[in-house]
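In listed order, ligands and their atoms are each counted from 1. Because the structure is a prediction, the values reported are computed rather than measured.
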Amino acid sequence: MSGENEEQLSYSDAIKKASPSITRFPVIPVRGVPLMSYIAQNWDSIWAFRPDPSDLLIATYPKAGTTWTQEIVDLLYHNGDAEACRRAPTPVRSPFLEIFSPAPIPSGLDLLEKMDPPRVIKTHLPFQLVPPGFWENKCKAIYVARNAKDNLVSYYHFDCMNQTQPEPGPWEGYIHKFMRGELSWGSWYDHVKGYWVEREKRNILYLFYEDMKENPRREVERIMRYLDLSVSDEVLSRIVQLTSFKNMKENPMANYSFIPEPVFCQSISPFMRKGEVGDWNNHFTPEQSEMFDEDYEKQMKDIKIPFRCQI
Ligand code: A3P
């Protein structure tokens with residue numbers, strides 16, 4: 001059994017043991033951004049993290065397609081070898097920088113300390129909270145953005161099922177919390193804009209979830225080129241197939257089934273829920289949609305980002 005598999009078992013056991021005491025953790029603002037209390041309490045060590053120049057950062061607002069992108073990158077780094085990419089669950093293969101125990105995901109800094117670069121590091125931190133070492137070391141970074149309405153719908157379902165996130169409350173009120181930037185990791189509007197304005201200066205590959213859905217092969221190729229990798233056409237096709245929604249939903253190393261049911265309650269809403277563009281139509285009433293759009297125009301008027309709510 002590989003070291004990572006052993007670790008994975010011990011993580012599952014630890015989470016199972018801890019799960020009766022796992023509750024919906026409060027959020028505490030860090031420089032005005034609400035973050036899970038354990039992140040806020042360990043902020044100094046997160047901010048001080050020094051990546052290796054070869055490390056890759058995958059940054060997203062929660063529920064924008066992080067896991068999908070992590071899987072694509074892992075497969076590209078392993079030349080499409082499905083077995084190699086089933087060596088451990090996503091957050092063990094690709095640590096979540098700021099997460100801290102007792103959150104149900106293994107602590108990012110602990111894992112990173114034990115891993116050799118190049119590492120694929122996930123973060124939900126807004127641009128201004130990313131440890132400066134990433135930019136000082138000129139690390140590559142991929143940002144994935146998803147249109148606000150689908151992102152919000154996905155986050156709502158996630159907050160219903162993830163028993164460590166703040167209580168989402170009713171849908172109507174949740175929309176307002178999103179608009180006011182009160183959800184964990186803060187304002188979606190500031191998040192997508194923050195990386196957008198820095199993308200050229202910092203050489204950030206800025207991707208859209210909708211483009212990935214529309215033409216996954218084209219986007220996987222863009223990622224490949226950005227990473228200075230080259231895989232055969234056949235491997236490219238395999239990666240597209242292995243990272244389809246259906247295949248990832250069935251992949252126990254990508255679908256977060258390693259987190260026990262009381263913590264990630266997948267019977268309430270599966271982690272791999274729908275994977276579609278435009279699902280917001282099934283949730284927003286016409287009035288809610290109009291109110292949201294009006295506010296969106298105001299919040300996004302300074303910077304135009306070509307989001308699509310439909311493909
Ligand atoms: P839905 O809730 O809309 O289904 P993250 O990984 O950032 O938490 O994002 C999770 C969202 O991405 C979920 O959206 C999930 O279903 C979707 N997703 C994950 N893998 C996907 C894939 N291979 N193709 C399309 N969507 C995917």
Side-chain angles (χ1 to χ4, degrees), residues 36 57-76 82 85 89-91 93-99 103-105 120-126 142-162 164-165 168 171 174 178 183-185 188 191-192 195 207-220 223 238-259 263-266 268-284 307-311:
M36 184 187 276
L57 186 68
I58 297 180
T60 55
Y61 189 76
K63 312 318 288 176
T66 333
T67 317
W68 189 6
T69 311
Q70 287 171 291
E71 197 65 24
I72 291 171
V73 167
D74 199 28
L75 281 159
L76 280 169
C85 296
T90 311
R93 287 181 279 146
S94 168
F96 187 175
L97 176 65
E98 65 268 26
I99 213 72
I105 311 279
V120 180
I121 305 174
K122 159 186 166 177
T123 188
H124 288 322
L125 294 171
I142 298 176
Y143 186 77
V144 189
R146 185 177 193 182
N147 80 74
K149 284 173 166 170
D150 281 329
N151 206 142
L152 160 54
V153 167
S154 182
Y155 208 174
Y156 175 70
H157 288 279
F158 184 64
D159 281 353
C160 290
M161 70 83 106
N162 179 350
T164 69
Q165 282 277 95
W171 162 248
Y174 193 85
F178 181 94
L183 304 179
S184 298
W185 286 282
W188 175 93
H191 210 283
V192 296
Y195 284 90
L207 300 175
F208 292 97
Y209 180 95
E210 294 74 27
D211 292 348
M212 291 168 67
K213 280 297 293 186
E214 182 180 62
N215 190 339
R217 192 185 176 92
R218 179 188 63 206
E219 300 306 301
V220 173
I223 297 173
R238 197 183 319 143
I239 293 176
V240 171
Q241 195 206 350
L242 288 166
T243 56
S244 70
F245 177 76
K246 185 173 174 294
N247 280 333
M248 280 184 58
K249 190 176 171 77
E250 286 163 8
N251 177 354
M253 293 302 159
N255 65 13
Y256 278 86
S257 54
F258 84 102
I259 296 186
V263 183
F264 271 19
C265 199
Q266 302 223 25
I268 292 178
S269 179
F271 184 88
M272 296 286 167
R273 193 184 60 89
K274 271 200 174 171
E276 285 174 8
V277 179
D279 186 39
W280 63 269
N281 281 295
N282 301 316
H283 293 80
F284 283 72
F307 279 108
R308 292 187 290 165
C309 290
Q310 224 75 252
I311 52 171

(message) Under a 4.0 angstrom heavy-atom cut-off, which atoms of ligand 1 come close to S244?
(response) 23 (N)
(message) Test side-chain hydrogen bond (donor to acceptor under 3.5 Å, both in side chains) on E219 and W68; report intermediate values, then the result.
(response) CA-CA 12 Å; E219 300 306 301; W68 189 6; over 6 Å; no
(message) For ligand 1, which is the ligand I care about here, please tell me if R273 has any N or O atom under 3.5 Å from one of the ligand's N or O atoms.
(response) yes
(message) What protein heavy atom lies closest to atom 19 (C) of ligand 1? Include the residue and the distance to one decimal.
(response) M272 SD, 3.4 Å
(request) Indicate yes or no: does an N/O atom of G275 lie under 3.5 Å from an N/O atom of ligand 1? (result) yes
(request) Would you check if S257 and F271 make a side-chain contact, meaning some heavy-atom pair closer than 4.5 Å? (result) no
(request) Pick one of side chain, backbone, both or neither for how M248 approaches ligand 1, counting any non-hydrogen atom pair under 4.0 Å. (result) side chain
(request) With the side chain counted from C-beta on, respond yes when N147 and F208 share a heavy-atom pair under 4.5 Å apart, and no when they do not. (result) no
(message) Does only the side chain of R146 get under 4.0 Å from ligand 1, or the backbone, or both, or neither? Count heavy atoms.
(response) side chain
(request) May I ask you to say whether R308 pairs ionically with D211, meaning some side-chain N is under 4.0 Å from a carboxylate O? (result) yes
(request) Indicate yes or no: at least one non-hydrogen side-chain atom of T60 is less than 4.5 angstrom from one of R146. (result) no
(request) Using a 4.0 Å heavy-atom cut-off, say whether V144 meets ligand 1 through its side chain, its backbone, both or neither. (result) neither
(request) Enumerate the atoms of ligand 1 whose separation from the nearest heavy atom of T67 is less than 4.0 angstrom. (result) 5 (P), 6 (O)
(message) Can you tell me how far apart CD (Q241) and NZ (K246) are? Round to the nearest 0.5 Å.
(response) 9.5 Å
(message) Starting from atom 15 (C) of ligand 1, what is the nearest protein heavy atom, named by residue and atom, and what distance separates them?
(response) F271 O, 3.9 Å
(message) Taking R93 first and then E71, would you say they form a salt bridge - that is, a charged N and a carboxylate O separated by under 4.0 Å?
(response) yes
(request) Kindly indicate whether the side chain of F245, heavy atoms from C-beta on, has any atom under 4.5 Å from the side chain of E276. (result) no
(message) To check your reading of the model: name the closest protein heavy atom to atom 23 (N) of ligand 1, its residue, and the distance in Å.
(response) T243 O, 2.8 Å
(request) Considering heavy atoms of the protein only, find what lies nearest to atom 7 (O) of ligand 1 and give residue, atom and distance to 0.1 Å. (result) T66 OG1, 2.4 Å
(message) Contact between M212 and I72 at the side-chain level, heavy atoms closer than 4.5 Å - yes or no?
(response) yes
(message) For atom 26 (N) of ligand 1, what's the nearest protein heavy-atom neighbour? Residue, atom name and distance, please.
(response) Y209 OH, 2.8 Å
(message) Using a 4.0 Å heavy-atom cut-off, which part of A64 comes near ligand 1: side chain, backbone, both, or neither?
(response) backbone
(message) Taking the side chain as everything from C-beta on, heavy atoms only, tell me whether V144 gets closer than 4.5 Å to Q70.
(response) no
(request) Tell me which protein heavy atom sits closest to atom 13 (C) of ligand 1, plus the residue, atom name and distance to 0.1 Å. (result) S154 OG, 3.7 Å
(message) Starting from atom 8 (O) of ligand 1, what is the nearest protein heavy atom, named by residue and atom, and what distance separates them?
(response) K63 NZ, 2.9 Å
